[in-house]
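Comments concern the structure below.
Just the heavy atoms: all of them, side chains too, but no hydrogens, waters or symmetry mates, feed the values below. Each ligand, and each atom within it, is numbered from 1 in the order the structure gives.
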Amino acid sequence: MSAPADATYDLFIGGEESPGAAGERRPVIDPATNREFARAAVGSVDDARAAMESAERAFRETNWAEDDGARRGRTLFRLAALLEADAETFARIETLNMGKPLRESRADVGYVVRTLEYFAGLADKTEGETIPVPGPRFDYTVREPLGVTVHIAPWNYPLLLAVRSVAPALAAGNAVVLKPASLTPATAVAFARLATSAGVPPGILNVVSGPGARVGEALVEDPRCRSVTFTGSVEVGERIAALAARHLRPLTLELGGKGPVLVFPDADLDRAARAIGYGIFQNAGQMCWAASRLYVHESIREPFLERVRAVAEALRLGPGLADGVEMGPLVSPEQLDRALGFVADARSDGGKVLTGGVRATDAGLASGNFLRPTVLVDVPEHSRAVAEEIFGPVLAAAGFRDADEAVRLANSTRYGLLGAVWTRDLSTAHTVARRLDSGMVVVNEAPITYPQSPFAGTKSSGLGFEQGRDAVRTYTRRKNVLVNLGAPKRKA
Ligand code: NDP
């Protein structure tokens with residue numbers, strides 16, 4: 001694969017790279033310096049249509065959909081192996097483009113490899129059912145691929161969140177059109193190149209970058225679109241849901257979060273403090289499932305917050321490619337301003353900054369989008385900083401008196417993605433886990449997931465689910481076939 005620096009990431013349509021109909025390219029920026037490190041094509045509505053056309057033709061004319069699922073699976077296993085062999089290059093591109101520390105990008109690429117392997121293994125397991133019906137009849141269902149599936153990905157885990165839905169769609173036999181975020185198109189294009197080398201037929205995986213409001217909407221509205229999977233903000237998710245409803249498209253939405261962490265006094269407080277740091281400062285807090293609200297039992301509130309403050313202040317900030325860096329920059333100056341705006345709101349609502357809350361401007365950091373790991377306390381419940389997703393390294397902490405109050409506070413936002421409970425008491429762990437209004441709960445654990453575990457949100461956090469064995473079924477339709485066997489009637 002080409003070296004990341006000075007590279008060009010074009011559109012990938014029908015197995016070929018091109019700058020698109022208008023030939024427009026834009027700089028791809030390293031958020032640690034805000035300098036250009038590559039260029040990427042800016043697709044248009046015409047390019048979106050060309051990608052849909054290419055996918056639809058490949059779905060019809062290649063044997064990808066009709067082939068034995070085991071063969072598709074072998075192709076996806078090959079793709080996983082190629083990615084694993086080139087993992088370091090992919091990780092470096094991801095870090096250059098998104099800013100996260102290299103060890104996080106390496107973990108992300110490892111996760112993508114495991115995701116591909118998991119869904120490769122499911123490619124020949126889309127079984128149907130036989131159904132008893134009266135008379136000499138045979139009734140059965142088959143699972144068929146949908147056709148062309150559209151995937152709109154965000155910038156916070158550019159490759160991981162794209163492949164999380166692309167892999168099951170491919171495993172099920174669909175043809176895919178992927179739109180990466182405009183800020184982070186690089187690894188999606190590099191991945192499509194690799195897919196071709198692995199034997200994915202031209203046109204089965206297309207990548208079309210370009211402004212979401214034009215290219216993304218054109219993909220959703222295209223008559224060839226058979227399903228939409230979107231990861232990103234609630235606002236855009238709602239907009240896409242309206243478009244999908246108008247055209248009756250099946251839809252999977254993975255939107256924002258405002259993850260509550262409940263720490264009871266009997267918890268392993270050292271582990272909890274470290275996990276809370278990981279849950280909000282990993283990827284500079286730019287995670288849908290960030291553990292961004294901390295609720296601590298009043299009896300341990302002050303000493304525990306001191307531990308969390310120590311974790312925050314010990315983190316080493318820097319460009320993701322530098323040795324030993326534990327937190328990188330935010331993805332863009334806009335994202336930095338947005339996070340600082342939330343901190344300002346928290347202050348004006350009466351909250352205090354326990355640590356952080358300002359840009360990091362030390363030598364080597366001043367030109368990047370670095371925000372010091374931030375812990376806010378005494379922020380009123382109604383403040384935007386407590387109620388809304390910040391998508392930055394900003395934790396809002398408060399106390400609770402008993403489990404009822406903890407659960408009430410945890411469930412008080414419009415989100416419902418991931419909640420965390422820290423306690424050594426089995427009964428508290430399980431009863432609180434059940435009462436949390438969220439799609440996922442972790443007990444005595446930082447935010448963690450695996451390709452085999454469903455990833456889902458409730459309320460404004462999403463619709464449907466990703467990952468897990470049922471994810472492949474999301475990208476199939478169930479057809480019922482009823483056969484009259486014409487057998488002679490039984491004699492009386
Ligand atoms: P968006 O929701 O705008 O972007 C996510 C993806 O959707 C991108 O590929 C984007 O394209 C595309 N898109 C944007 N508008 C449309 C549209 N009208 N139709 C179809 N696709 C569209 O997120 P932002 O980048 O603006 O981030 C803002 C906030 O969203 C963050 O601060 C965070 O709170 C939340 N977010 C949540 C994520 C999650 O993992 N759940 C991921 C990213 C953001 P383009 O890049 O060209 O705009």
Side-chain angles (χ1 to χ4, degrees), residues 24 26 28-29 31 40-45 47-48 97-98 108 150-162 164-165 177-186 188 207-222 225 228-244 246-247 249 251-259 282-290 292 330-342 369 371 384-385 387-394 413-418 439 447 449 455-457 460-463 466:
E24 188 187 343
R26 60 174 267 171
V28 185
I29 303 295
V42 180
S44 61
V45 169
D47 297 315
N97 195 175
M98 202 271 147
D108 289 0
V150 166
H151 307 250
I152 300 176
W155 44 259
N156 54 335
Y157 290 85
L159 186 63
L160 191 158
L161 292 180
R164 190 163 76 177
S165 68
V177 178
L178 165 65
K179 195 206 91 62
S182 295
L183 288 172
T184 54
V207 178
V208 56
S209 314
R214 278 187 278 139
V215 170
E217 294 197 12
L219 295 174
V220 175
E221 295 212 88
D222 190 283
C225 170
V228 180
T229 305
F230 168 79
T231 307
S233 61
V234 177
E235 292 65 32
V236 174
E238 287 172 351
R239 164 98 189 126
I240 289 177
L243 292 178
R246 187 189 302 161
H247 300 284
R249 310 261 187 266
L251 179 67
T252 303
L253 295 176
E254 209 274 273
L255 308 175
K258 192 72 184 175
Q282 186 204 166
N283 205 12
Q286 299 162 113
M287 298 171 282
C288 52
W289 68 354
S292 49
L330 296 182
V331 74
S332 64
E334 292 74 24
Q335 203 61 27
L336 174 63
D337 287 347
R338 183 184 142 100
L340 285 168
F342 275 102
N369 315 315
L371 177 60
R384 246 169 35 97
E388 287 301 323
E389 180 172 55
I390 297 177
F391 234 59
V394 183
T413 71
R414 65 171 169 153
Y415 300 101
L417 195 56
L418 178 83
T449 186
F455 193 103
S460 289
S461 288
L463 199 63
E466 294 194 71

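- For the atom pair Arg239 CZ and Glu217 CD, the distance stands at 4.0 Å (nearest 0.5 Å).
- Rounded to the nearest 0.5 Å, atoms CZ (Arg26) and OG (Ser182) are 5.5 Å apart.
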N or O contacts of ligand 1 with protein under 3.5 Å, please list pair by pair.
{"from": "ligand 1", "atom 1": "2 (O)", "to": "Ser233", "atom 2": "N", "distance (Å)": "2.8"}
{"from": "ligand 1", "atom 1": "2 (O)", "to": "Ser233", "atom 2": "OG", "distance (Å)": "2.7"}
{"from": "ligand 1", "atom 1": "9 (O)", "to": "Ala153", "atom 2": "O", "distance (Å)": "2.7"}
{"from": "ligand 1", "atom 1": "9 (O)", "to": "Lys179", "atom 2": "NZ", "distance (Å)": "3.3"}
{"from": "ligand 1", "atom 1": "11 (O)", "to": "Lys179", "atom 2": "NZ", "distance (Å)": "3.0"}
{"from": "ligand 1", "atom 1": "18 (N)", "to": "Glu217", "atom 2": "OE2", "distance (Å)": "2.7"}
{"from": "ligand 1", "atom 1": "19 (N)", "to": "Gly212", "atom 2": "O", "distance (Å)": "3.3"}
{"from": "ligand 1", "atom 1": "25 (O)", "to": "Trp155", "atom 2": "NE1", "distance (Å)": "2.6"}
{"from": "ligand 1", "atom 1": "32 (O)", "to": "Gln335", "atom 2": "NE2", "distance (Å)": "2.7"}
{"from": "ligand 1", "atom 1": "32 (O)", "to": "Arg338", "atom 2": "NE", "distance (Å)": "3.0"}
{"from": "ligand 1", "atom 1": "32 (O)", "to": "Arg338", "atom 2": "NH2", "distance (Å)": "3.3"}
{"from": "ligand 1", "atom 1": "34 (O)", "to": "Arg338", "atom 2": "NH2", "distance (Å)": "3.2"}
{"from": "ligand 1", "atom 1": "34 (O)", "to": "Glu389", "atom 2": "OE1", "distance (Å)": "2.7"}
{"from": "ligand 1", "atom 1": "40 (O)", "to": "Asn156", "atom 2": "ND2", "distance (Å)": "3.3"}
{"from": "ligand 1", "atom 1": "41 (N)", "to": "Gly232", "atom 2": "O", "distance (Å)": "3.3"}
{"from": "ligand 1", "atom 1": "41 (N)", "to": "Leu255", "atom 2": "O", "distance (Å)": "2.9"}
{"from": "ligand 1", "atom 1": "46 (O)", "to": "Ser182", "atom 2": "N", "distance (Å)": "2.8"}
{"from": "ligand 1", "atom 1": "47 (O)", "to": "Lys179", "atom 2": "NZ", "distance (Å)": "3.3"}
{"from": "ligand 1", "atom 1": "47 (O)", "to": "Ser182", "atom 2": "OG", "distance (Å)": "2.5"}
{"from": "ligand 1", "atom 1": "47 (O)", "to": "Gly210", "atom 2": "O", "distance (Å)": "3.3"}
{"from": "ligand 1", "atom 1": "47 (O)", "to": "Gly212", "atom 2": "N", "distance (Å)": "2.9"}

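- The CD1 atom of Ile240 sits 9.0 Å away from the CG atom of Leu255 when rounded to the nearest 0.5 Å.
- Within the 4.5 Å cutoff, side-chain heavy atoms of Glu254 are placed close to those of Cys288.
- Gln286 and Tyr157 form no side-chain donor-acceptor contact under 3.5 Å, judged by distance and modelled atom types alone.
- Under the 30°/60° scheme for interplanar angles, the aromatic rings of Trp155 and Phe391 are found to stand perpendicular.
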